[in-house]
S.K.: 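Below you will find the structure I want to go over with you.
None of these values were measured; they are calculated from a predicted model. Per chain, numbering begins at 1; letters A, B, ... match sequence-line order.
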Amino acid sequence: MPESPQLLPLELPDGSVTEVAPGTTPLAVAAGIGPGLARAAIGAELDGRAIDLRLPLTEGGRFRLFTARDPESGDFIRHSAEHVLADAVKRLWPDVEIDVGRVDHSEKFQYDFRFERAFTPEDLEQIEAKMREILAEDHPFERQELEREAAAELFRGMGESLKVERLADIPEGEPISIFRDGDFTDLCRGPHVQRLSQIGAVKLLEASGVYWKGDDRNEMLQRIYGTAFATADEMKAYEEQFEAARARDHRKLGPELDLFSFDPLAPAMPFFHPKGAFIYNELVDFVRELQNGRGYGEVVTPQILDIDLWHASGHYDYYREGMFFTEAEDKSMAVKPMNCPTHCLIYKTRLRSYRDLPIRYGDFGRLHRYEKSGVTSGLTRVRSFAQDDAHVFCTPEQSEDEVLAAVEMIREIYDTFGFDDQLELSTRPEKRLGSDELWDRAEATLEAALARTGLDYDVNEGDGAFYGPKVDFQIRDAIGRSWQLGTVQLDFQMPERFGLQYIGADGAEHQPVMIHRAMLGSIERFIGILIEHTAGAFPLWLAPVQAVVLPVSEKFGEYAAGVRDRLVEAGARAELDGRNEKLGYRIREAQLAKVPYMLVVGAKEEEAGTVAVRLRTGEDRGPQPTDALAEHIGKLTRTRSLEL
RNA sequence: GCCCACGUGGCUCAGGGGUAGAGCACUUCCUUGGUAAGGAAGGGGUCACCGGUUCAAAUCCGGUCGUGGGCUCCA
């Protein structure tokens, strides 16, 4: 393609290429395409990077324009709403100093203020009303670049000392831009919408105290959160989605379904009731079955160990704040927060040959971690939990195969639950132990194993553990949220600290590699995620009660009991609800309990030896022979099917 | 840990300086009813805990505990 050196080629979404002079703004490009587009445009994107409509272009690339119809315009809208929020607060309390705002991934924006007190819910209402007034003024955003000193002077003159300090954090060489809308001016990189009227709906959500720059040694500022959309309909959809998420909150559903509870006498430590414990044990059995067939040996190790062990493992130095301690007979002991050191002790009980390796230990032991009081939450962040934890001790040569095998097993597990997963490779962090050669080798091992899976993966530079790189698994649940579950980590430090050895083919001592592996992660947390993923309607194989038999009236109680017994004999988890209530009432209760099968029996069924099958989905399967149903349930349960 | 909000029977919530209310759930009785709530009666709470103010505190004040939202970076 012939290319004039002065012109920038822009590849438009339809594949055509237009060339513009350097310094042309996206807005001018839009105007060149059509005046309607220029009016409707909210923002632009160059090579996947969001850019402001007023930012002069300095290079070409793949170019797109966004209007209110594009979901990408949301960030432009929310980023602009930040300014409106700050403007509103300044109009109401002129002495407030503004810090910075930002948007996050969950359709929210925020702004931090230096204010002498916390914002109250009444303040938020007042601010929101003021924001609506400002939006109605429909000012355009104007972008301006300033020299560093001029910007500093501007904000000093405005009494915005926090801004002046923020200014100093901007690296040399980066352009310093300000945006104005009406009388409000803010230091900002953008990008913003063209005009305030493009922000169709705003809502303030909550306020919270935050440390300046997130550091608890700094002063506390007051943050306000809000959300904004192009249209009121989108705002409504957001609110509905929020409500939907609340309705499947495991902290609400869990106690409601009688799965677990908490007690203030053991904060953040769940009590699993029989139904919850059933699911718990079923998950453990599933993992046990999978890994025992792949050369793992399950071990059981102590809960409380001498503090010396934790000094040796490094946990005392690195992880002390996260541990529980106790003592007995003048000995300091610690409750284990992780299993790995105990597995090292087992490894060391005898001399290992390279012929013994790999050695794979699985452990479902209970772990305790002292999570700070403000960070615990339901089952997803607890102080007492178990993991489907395993450690593989192997030779460096075996490590790639072992990583590959672990990754494949993890994917098999997620398939069973219908989770889509995404792999992430996390590489050496700044703060780390071990030589660069060791890290080179470890990262190469993980990369090689991932390459052999043929799967796509993201790389998180610098996100590895201090003792080694890792592969993490992110899954996406039914309402689109992602969770990190499984992990495969390489560790050269623990073998070193515990002096682990094996005798190689050469008769000399060598150090084994240790692989940490979890698939579901914490069982507790996984149950929480599963409750929210399924909204409490567990797959049949995990449903604590699979079927409830409902006699139409007490006359058919005996037949119903017989049906229940036949199902139970066939291995199904069936119950009888012969209470003195109307059928509709008992159906409703079974439905709310998310029981997969509701089996209605009356005269017709008794005569034919059948049950009338109703599913929790509302589907009516009609009459079916009891034996056939028992077999059906048994088969789906054995195969851990997601079908009903 | 820090900021803010909240804590009334099993659940959802009303009340609010003068020694507690509703609906659902629970128990009993009536009803024997064919696919999401039949009717009646009854039992159940030291209003999270500790302390203070007051003639009087569930209510006001302080503290404690617990729960919820938030607290790296992205000016």
Side-chain angles (χ1 to χ4, degrees), chain A residues 50 75 79 82 98-105 108 110-112 115 117-121 123-124 148 151 155 160 162-171 174-179 186-190 205-225 246 249 251-252 255-256 258 261-268 321 370-378 462 548 550-557 578-593 598-605 612-616 618-623:
Chain A
D75 279 355
H79 197 57
E82 276 168 47
I98 58 178
D99 183 32
V100 297
R102 65 180 68 117
V103 296
D104 67 18
H105 333 286
K108 286 192 212 161
Q110 55 186 252
Y111 212 108
D112 297 349
F115 192 40
R117 60 177 175 85
F119 289 105
T120 64
D123 291 338
L124 295 193
R148 183 174 294 265
F155 287 106
E160 301 289 3
L162 293 171
K163 284 287 173 197
V164 178
E165 290 194 60
R166 288 283 181 182
L167 198 54
D169 291 341
I170 301 176
E174 262 192 52
I176 290 173
S177 58
I178 60 168
F179 276 83
D186 198 357
L187 174 68
C188 187
R189 182 162 48 197
L205 300 169
E206 63 223 349
S208 153
V210 292
Y211 298 109
W212 192 51
K213 294 186 178 176
D215 188 331
D216 62 14
R217 288 164 302 192
N218 288 340
E219 72 170 297
M220 182 156 273
L221 303 180
Q222 300 299 326
R223 174 174 296 174
I224 295 176
Y225 290 86
R246 243 167 54 112
D249 190 329
R251 292 168 303 186
K252 182 177 157 62
E256 243 171 54
D258 201 17
S261 60
F262 288 91
D263 191 283
L265 295 173
E321 284 80 50
Y370 183 75
E371 300 284 357
K372 289 190 200 166
S373 55
V375 305
T376 61
S377 174
V548 57
L550 303 166
V552 161
S553 80
E554 282 171 6
K555 287 198 212 84
F556 309 102
R579 286 132 87 212
N580 179 14
E581 295 290 352
K582 292 209 153 209
L583 179 63
Y585 181 94
R586 287 173 287 148
I587 293 226
R588 178 169 194 272
E589 290 223 328
Q591 184 72 45
L592 292 176
M598 285 156 259
L599 310 176
V600 177
V601 297
K604 284 178 292 197
E605 289 75 17
V613 179
R614 178 194 204 277
L615 304 188
R616 68 181 170 203
E619 184 190 336
D620 182 356
R621 288 247 171 105

S.K.: In Watson-Crick or G-U wobble terms, both distances under 3.5 Å, what is the partner of B/G45?
M.R.: none
S.K.: Roughly, in whole Å, what's the span from OH in A/Y111 to C1' in B/A75?
M.R.: 9 Å
S.K.: Can you figure out which of B/A75, B/U35, B/G70 approaches the side chain of A/K108 most closely?
M.R.: B/G70
S.K.: A/A603 has a side chain; which of B/A75, B/A36, B/G34 sits nearest to it?
M.R.: B/G34
S.K.: What interatomic distance, in whole Å, is found between P of B/G21 and the corresponding atom of B/U46?
M.R.: 15 Å
S.K.: Are any non-hydrogen side-chain atoms of A/R246 and A/K252 less than 4.5 angstrom apart?
M.R.: no
S.K.: Could you please name the option among B/U67, B/C71, B/G34 that lies closest to any side-chain atom of A/V210?
M.R.: B/C71
S.K.: Please state how far atom CD in A/E371 lies from atom P in B/G68, giving the value in whole angstrom units.
M.R.: 14 Å
S.K.: Expressed in whole Å, how much space separates the C1' atoms belonging to B/G9 and B/C26?
M.R.: 11 Å
S.K.: Taking the minimum atom-to-atom distance to the side chain of A/E554, which one of B/C3, B/G33, B/C74 wins?
M.R.: B/G33
S.K.: Would you indicate what A/L592 reaches in the nucleic acid, counting non-hydrogen atoms under 4.0 angstrom: base, sugar-phosphate, or nothing?
M.R.: base
S.K.: How close or far is atom P of B/C4 from atom CZ of A/F115, stated in whole angstroms?
M.R.: 13 Å
S.K.: Taking C-beta and beyond as the side chain, do A/M220 and A/V210 meet within less than 4.5 Å on heavy atoms?
M.R.: no
S.K.: So A/Q591 and A/R614, side chain to side chain donor-acceptor pair (under 3.5 Å) or not? Walk me through it.
M.R.: CA-CA 10 Å; A/Q591 184 72 45; A/R614 178 194 204 277; 2.6 Å; yes
S.K.: Identify whether any heavy atom of A/A266 sits under 4.0 Å from a base atom; if not, whether one sits that close to sugar-phosphate; answer base, sugar-phosphate or nothing.
M.R.: nothing
S.K.: Report the C-alpha distance between A/D186 and A/Y111 in whole Å, list the side-chain angles of each, state the deciding distance to 0.1 Å, and finish with yes or no for side chain to side chain donor-acceptor pair (under 3.5 Å).
M.R.: CA-CA 12 Å; A/D186 198 357; A/Y111 212 108; 2.5 Å; yes
S.K.: At 4.0 Å (heavy atoms only), tell me whether A/A590 reaches a base, stays on the sugar-phosphate, or touches nothing.
M.R.: nothing
S.K.: A/R223 side chain N/O closer than 4.0 Å to the phosphate oxygens (OP1, OP2) of B/G70?
M.R.: no
S.K.: Going by heavy atoms in the side chains, are A/S377 and A/R251 under 4.5 Å from each other?
M.R.: yes
S.K.: Expressed as a whole number of angstroms, how long is the span from A/E82:CD to B/C74:C1'?
M.R.: 11 Å
S.K.: Mind checking if A/P175 touches a base, just sugar-phosphate, or nothing, with heavy atoms under 4.0 Å?
M.R.: base
S.K.: Between atom CZ in A/R579 and atom C1' in B/G33, what is the gap in whole Å?
M.R.: 15 Å
S.K.: Rounding to a whole Å, what distance do you find between A/R246:CZ and B/G69:C1'?
M.R.: 12 Å
S.K.: Taking the C1' atom in each of B/A57 and B/G51, what is the distance between them to the nearest angstrom?
M.R.: 13 Å
S.K.: Determine, for A/D99 against A/K213, whether the closest basic-nitrogen to carboxylate-oxygen distance falls under 4.0 angstrom.
M.R.: no
S.K.: For the pair made of CZ in A/R586 and P in B/G33, what is the distance, rounded to whole Å?
M.R.: 12 Å
S.K.: Considering only the P atoms, how many Å lie between B/U12 and B/G69, rounded to the nearest integer?
M.R.: 15 Å
S.K.: In terms of side-chain heavy atoms of A/P267, which of B/A75, B/G66, B/G34 is nearest?
M.R.: B/G66
S.K.: Considering all heavy atoms of both residues, which atom of A/A207 and which atom of A/L124 are nearest to each other, and what is their separation?
M.R.: N-CD1, 4.1 Å
S.K.: Quick one: look up who B/U32 pairs with, Watson-Crick or G-U, both distances under 3.5 Å, and put none if it's unpaired.
M.R.: none
S.K.: Using a 3.5 Å distance criterion without hydrogens, assess whether the side chain of A/S177 forms a donor-acceptor pair with backbone atoms of A/C188.
M.R.: yes
S.K.: What integer number of Å spans the C1' atoms of B/G43 and B/C29?
M.R.: 14 Å
S.K.: Using a 4.0 Å heavy-atom cut-off across all strands, classify A/K604 as base, sugar-phosphate, or nothing.
M.R.: base
S.K.: Judged by each residue's nearest nucleotide on RNA chain B, which is more toward the 5′ side, A/M220 or A/D249?
M.R.: A/M220
S.K.: Between B/G39 and B/C4, how far apart are the two C1' atoms, rounded to whole Å?
M.R.: 48 Å
S.K.: Does B/G33 have OP1 or OP2 sitting under 4.0 Å from an N or O in the side chain of A/K555?
M.R.: yes
S.K.: Taking CH2 from A/W212 and P from B/C2, how many angstroms apart are they, rounded to a whole number?
M.R.: 23 Å
S.K.: Does A/R614 make a side-chain N or O approach to OP1 or OP2 of B/A36 shorter than 4.0 Å?
M.R.: yes
S.K.: Once you apply a heavy-atom cut-off of 4.0 Å, does A/E605 come out as touching a base, just sugar-phosphate, or nothing?
M.R.: base
S.K.: Dump the intermediate steps for side chain to side chain contact (heavy atoms under 4.5 Å, CB included) on A/L187 and A/I176, then the final yes or no.
M.R.: CA-CA 8 Å; A/L187 174 68; A/I176 290 173; 3.8 Å; yes
S.K.: Write down the distance separating the C1' atoms in B/G45 and B/A14, rounded off to the nearest Å.
M.R.: 15 Å
S.K.: Restricting to nitrogen or oxygen on both sides, can you table the protein-nucleotides 37-40 of chain B pairs closer than 3.5 Å?
M.R.:
from: B/A37; atom 1: N7; to: A/R588; atom 2: NE; distance (Å): 3.2
from: B/A37; atom 1: N7; to: A/R588; atom 2: NH2; distance (Å): 3.4
from: B/A37; atom 1: N6; to: A/R588; atom 2: NH2; distance (Å): 2.5
from: B/A37; atom 1: N1; to: A/R588; atom 2: NH1; distance (Å): 3.2

S.K.: For A/R586 and A/P551, indicate whether the former's side chain and the latter's backbone hold a donor-acceptor pair under 3.5 Å.
M.R.: yes
S.K.: Does B/G68 have OP1 or OP2 under 4.0 Å away from a side-chain N or O of A/R251?
M.R.: yes
S.K.: Does B/C71 have OP1 or OP2 under 4.0 Å away from a side-chain N or O of A/Y225?
M.R.: yes
S.K.: If you look at every strand shown and take non-hydrogen atoms under 4.0 Å, does A/E206 touch a base, only sugar-phosphate, or nothing?
M.R.: sugar-phosphate
S.K.: Looking at B/G70, B/C73, B/U35, which one has an atom nearest to any side-chain atom of A/L583?
M.R.: B/U35
S.K.: Which nucleotide sits closest to the side chain of A/S553: B/G33, B/C71, B/G34?
M.R.: B/G33
S.K.: Considering Watson-Crick and G-U wobble pairs with both distances under 3.5 Å, what does B/C60 pair with?
M.R.: B/G52
S.K.: Is there a Watson-Crick or G-U wobble partner for B/A5 with both distances under 3.5 Å, and which nucleotide is it?
M.R.: B/U67
S.K.: Name the closest nucleotide to the A/V375 side chain, picking from B/C73, B/C71, B/G70.
M.R.: B/C71
S.K.: Is the closest side-chain heavy-atom distance between A/V600 and A/V552 below 4.5 Å?
M.R.: yes
S.K.: Does B/G1 have its OP1 or OP2 closer than 4.0 Å to a side-chain nitrogen or oxygen of A/S373?
M.R.: yes
S.K.: For nucleotides B/G38 and B/U32, find the distance between their P atoms and express it as a whole number of Å.
M.R.: 15 Å
S.K.: Base, sugar-phosphate, or nothing for A/G378, non-hydrogen atoms under 4.0 angstrom?
M.R.: sugar-phosphate
S.K.: Are A/Y370 and B/G1 close enough that a side-chain N or O sits under 4.0 Å from OP1 or OP2?
M.R.: yes
S.K.: Take A/G602 and A/S177, find for each the nucleotide of RNA chain B with the closest heavy atom, and name the residue whose nucleotide sits nearer the 5' end.
M.R.: A/G602
S.K.: Can you confirm whether A/E160 sits close enough to A/I98 that some side-chain heavy atom of one is under 4.5 Å from a side-chain heavy atom of the other?
M.R.: yes
S.K.: Is B/G23 paired to anything, Watson-Crick or G-U wobble with both distances less than 3.5 Å, and if yes, which nucleotide?
M.R.: B/C11
